[in-house]
Amino acid sequence: MRKLETPFPERLHRFPLLCAIAKKVDTAAAKRPLRGSRWSGPIRYLAALGLFWLTGLHAQTTESLQPNAPALYQQHCAVCHGAQRTGIMGPALLPESLERVRPAEVLRVIQQGRPATQMPGFSEQLGDAEIRALAAWVRTPVVPAPRWGEDDIRASRTFTPMPDDEPAKPKWNADPMNLFLVVEGGDHHVSLLDGDRFEVITRFASRYALHGGPKFTPDGRYVFFGSRDGWITKYDLWRLRVVAEVRAGLNMRNVAVSGDGRWVMAANYLPHTLALFDADLNLVQTYAAATLDGKASSRVSAVYDATPRKSFVVALKDIPELWEISYDRNATPIYDGLVHDYKMGEAIAKPGYLGVRRTPLSEPLDDFFFDQSYRHVLGATRPRSGADERASAQVVNLDIRRKVADLPIAGMPHLGSGITFAWGDTTVLASPNLGGGAVDVIDMQTWKTVRTIATPGPGFFMRSHEDTPYAWTDSMMSPTAKDTLTIIDKRTLQPVAQVREPGKTLAHIEFTRDGRYALASVWEMDGALVVYDAATFKEVKRLPMKKPVGKYNVWNKITRSEGTSH
């Protein structure tokens, strides 16, 4: 038998039984050396065996005390959130879906549940350690990664046709072009607001975490909502009911509706796809968000409709390309790669209709914005993680399909919330900045800065209207100035006033159809929609709401107002 010369570990004192054995061995050895004795090997062997056994027992006991998060999830959560955490009745619980949710909020929801939803609190059923284990586990990747293909998309669709005996007219008495949709993120509801009387017409439940802003059909009757966990909901504003729903992906950025109202396109983070639907949310096709050779794929940053071009424009987060997908049946053919003379038919062309026309870029775009002609895309690139690079912005001409200028914007421009307006004999772009307390104003003819306007802190949203001389911007990214809206005179490019909601977050302005009133959000659970006179900046009315994260005017959206996002 092999002799054991290695001394016992110092942590032996944690095992009283083994300590007793060791002491007896040591005592016997002192009185009568065992090395030469026929019992020395067995005694040392038994002592070591006891160490191994007790160490294993301790490890098993420690492990058994750790909550089994996967088992807890299957027992308490899978029925609503799915076995692979992809969501069923409840939202998806994937790292991609929870990336903007603070860990403390995940803990709170598991403990206390969500008001006005089917999500209960588990503080009475689960211990603190179990809840912490669950909260940490849902933020880890699912292995193997969940899939969501065309068959899954089609199987998820539901549709409720309009009854034959129901008249095709609104169930309410209001200007259908001056309605607002207010997304209340606090309890996942949407309020339909009369923009003349500032009264709520109806309030209905939405999917979890709507994102990207609702999109309207050209007549303003239907609206499409997109949720972070991939659901698209078509809602009839006249009949006040859901018409159709479909799940386009597992983690979705936004949706776009074509200018003719025939198409809906969804931009997905997971899987790396675009999904194209008809107006009743029947799947038409999916597009793999990948390079031409298929060697690299990407999350899709955003998709927007470019109505004057009869196309969708798509930004990819991980690949330096900008895509344009035309829904014009007369779209010109697409030639990928180098062509000597496409007029002579010297290359194999792809159909231009619903085909991908690629514009190579130097950097991927995180978000983007159009000028009013829709010839130019103004895009921002976030700084790379772990790199010294800063955020940048560029101008891409969609006709010649290349970058034509760099935008001289410091910090982290949020171009998706930029606005344009006439100034002197030119048109300018103004954009809030996530990384600094300033608004940069850019001449859209020369792409040069004409003014940098100081604000109390970094902001996320900026809004205006053709019929007001003022632009409003928030500082909601600032811990000290998030309660302040700054009002800028578009004629002088100077701040002229501020409105505040002390200690709260005040953000996201939207104007009425005529530009006479500006509506702001008190972005809190016990929040409100605040109506201001757009000329005097005085409060006119206040409606209590649950964290009204955004509001959207039908007319301003369908007419592509220069003062709002499109």
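Only this structure's heavy atoms are used, side chains among them; waters, hydrogens and symmetry mates stay out.
Under a 4.0 Å N-O distance rule, the pair Arg500/Asp483 qualifies as a salt bridge. The pair Arg299-Asp318 counts as a salt bridge, with a side-chain nitrogen and a carboxylate oxygen less than 4.0 angstrom apart.
Although no hydrogens or angles enter the test, the distance criterion places no donor-acceptor pair under 3.5 Å between the side chain of Trp231 and the main chain of Gly226. Judged by distance alone, the side chain of Asn251 and the main-chain N or O of Leu270 form no donor-acceptor pair under 3.5 Å. Of the possible polar contacts, one joining the Arg157 side chain to the Asp280 backbone as a donor-acceptor pair under 3.5 Å is found. Formation of a donor-acceptor pair under 3.5 Å by the Asn254 side chain with backbone atoms of His211 is not found in this model. For the pair Glu184 (side chain) and Met545 (backbone), a donor-acceptor distance under 3.5 Å is absent. At distances below 3.5 Å, at least one donor-acceptor pair connects side-chain atoms of Tyr327 with backbone N or O atoms of Gly259. When atom types are taken as modelled, the side chain of Thr217 and the backbone of Gly261 share no donor-acceptor pair closer than 3.5 angstrom. In this structure, Arg85 contributes its side chain and Tyr73 its backbone to no donor-acceptor pair below 3.5 Å. Panel note: side chain Glu510, backbone Gly550; no donor-acceptor pair is recorded below 3.5 Å. With hydrogens and angles disregarded, a donor-acceptor distance shorter than 3.5 Å links the side chain of Ser561 to the backbone of Gly563.
Residues Glu245 and Arg207 form a side-chain contact, since some pair of their non-hydrogen atoms from C-beta on lies under 4.5 Å apart. Residues Val377 and Phe369 form no side-chain contact, since every pair of their non-hydrogen atoms from C-beta on lies 4.5 Å or further apart. The shortest distance between side-chain heavy atoms of Val242 and Thr160 does not fall below 4.5 Å. With a 4.5 Å cut-off on side-chain heavy atoms, Phe204 and His189 do not count as touching. At a threshold of 4.5 Å between non-hydrogen side-chain atoms, the residues Phe225 and Leu181 count as touching. Using a 4.5 Å heavy-atom threshold, the side chains of Leu237 and Tyr222 count as separate. Leu519 has its side chain within reach of Leu193: a pair of non-hydrogen atoms, C-beta onward, lies under 4.5 Å apart. Side-chain atoms of Asp229 and Arg247, non-hydrogen and from C-beta on, do get closer than 4.5 Å to each other.
Of the candidates Tyr304, Phe370, Trp323, Phe370 is the only one forming a side-chain contact (heavy atoms from CB on, under 4.5 Å) with Val313. Tyr517 pairs with exactly one of Phe537, Phe511, Phe198 by the ring-ring contact (aromatic ring centres under 6.0 Å, His included) rule, that one being Phe198.
Judged by the 6.0 Å distance and 45° axis criteria, Lys490 is positioned over the aromatic ring of Phe421. Relative to the ring axis of Tyr208, Arg228 does not place its NZ or CZ within 45° and under 6.0 Å from the centre.
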Stepwise ring pair (Phe, Tyr, Trp, His ring centres under 6.0 Å) test for Trp263 and Phe312: CA-CA 10 Å; Trp263 309 103; Phe312 293 110; 8.3 Å; no
Audit row: Asp526, Lys504, salt bridge (Lys or Arg N to Asp or Glu O under 4.0 Å) steps and yes/no: CA-CA 10 Å; Asp526 57 344; Lys504 307 288 187 180; 3.7 Å; yes
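Counting heavy-atom neighbours within 6.0 Å of Glu166 CD, excluding the residue itself, gives a total above 12. When the shell of 6.0 Å around NZ of Lys234 is examined, it contains more than 12 heavy atoms from other residues, nucleotides or ligands. Residue-environment remark: CZ (Arg221) exceeds the threshold of 12 foreign heavy atoms within 6.0 Å.
Using modelled atom types and a 3.5 Å distance limit, the side chains of Asn553 and Arg513 yield no donor-acceptor pair. Of the N and O atoms on the side chains of Thr484 and Gln498, not one donor lies less than 3.5 Å from an acceptor on the other residue. One side chain, Thr452 or Asp440, offers a donor N or O that lies under 3.5 Å from an acceptor on the other.
For the atom pair Asp474 CG and Lys482 NZ, the distance stands at 12.5 Å (nearest 0.5 Å).
In this structure, Tyr552 has its ring center closer than 6.0 angstrom to the ring center of His508.
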